[in-house]
Amino acid sequence: MRTLALRGGARVAVVATEWHDALGVVTRGRVQLELRDGEPGPVLGPDAAFWLRGTGVRALRNPGRRTATVRIVTPRTVTCQSTQPVRQLPDDGGTTHEQHE
């Protein structure tokens, strides 16, 4: 599990290979989902959860001025020999990332 912090007005792209099976929960502020066609999607507030698999969401955006936070939960890949770590989201300069286990 990790926390994604989006500064006011920041946007982070949703890369399918890095967000495969991700579940997000808004923990502070508001987050707007940007749809595949570039149209604005719903704005979600605290405690709202969203699933990214097959939804056509291409980005998350903070429409407010204050930092919004989202908890991102992705399953770990387990093999017979080891557990693969969860990959961090790319940093676009408008977000901060923290890894929590």
Side-chain angles (χ1 to χ4, degrees):
M1 188 175 331
R2 58 192 158 176
T3 299
L4 171 66
L6 290 157
R7 295 183 187 121
R11 176 184 177 276
V12 64
V14 173
V15 179
T17 57
E18 295 181 13
W19 290 69
H20 182 71
D21 286 344
L23 172 73
V25 179
V26 179
T27 55
R28 183 175 67 193
R30 296 179 312 139
V31 174
Q32 182 169 33
L33 306 180
E34 183 180 306
L35 306 178
R36 185 176 296 138
D37 60 6
E39 291 294 315
V43 177
L44 307 174
D47 298 325
F50 56 95
W51 183 263
L52 291 171
R53 185 177 190 180
T55 61
V57 173
R58 75 176 189 181
L60 303 178
R61 189 176 76 79
N62 178 351
R65 292 186 203 170
R66 295 187 177 176
T67 299
T69 57
V70 180
R71 297 287 288 196
I72 305 294
V73 181
T74 54
R76 292 176 180 254
T77 303
V78 179
T79 65
C80 294
Q81 299 174 355
S82 68
T83 301
Q84 302 298 318
V86 176
R87 292 182 53 186
Q88 288 289 328
L89 300 172
D91 187 1
D92 69 355
T95 62
T96 58
H97 309 281
E98 299 173 13
Q99 181 79 24
H100 299 281
E101 302 218 23

### Query
Hey, are the side chains of R71 and R2 touching, using non-hydrogen atoms and a 4.5 Å cut-off?
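Counting from C-beta outward, R71 and R2 never come under 4.5 Å.
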
### Query
Is there side-chain contact between V57 and W51, with heavy atoms separated by less than 4.5 Å?
no

Provide the closest heavy-atom pair for [X] versus [Y] in the form atom of the first, atom of the second, distance.
X	Y	answer
A68	V31	CB-CG2, 4.0 Å
L35	G41	CG-CA, 4.0 Å
V25	F50	N-CE2, 4.3 Å
R30	P63	O-CD, 3.4 Å
G29	P46	O-CD, 3.2 Å

### Message
What I want to find out is whether E34 reaches R61 closely enough, with some N-O distance under 4.0 Å, to be called a salt bridge.
### Response
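Salt bridge between E34 and R61, a charged N being under 4.0 Å from a carboxylate O: no.
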
### Task
Any chance you could measure L52, atom CG, to I72, atom CD1, to the nearest 0.5 Å?
6.5 Å

### Check: T69/T27 side-chain N/O donor and acceptor closer than 3.5 Å
yes

### CG (D47) with more than 12 external heavy atoms under 6.0 Å
no

### Message
Using the rule side chain to side chain contact (heavy atoms under 4.5 Å, CB included), only one of T3, L6, T67 pairs with R28; which is it?
### Response
T67

#### Entry: same_hphob_cluster(V43, V26) at 4.5 Å side-chain heavy-atom cutoff
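Hydrophobic grouping puts V43 apart from V26.
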
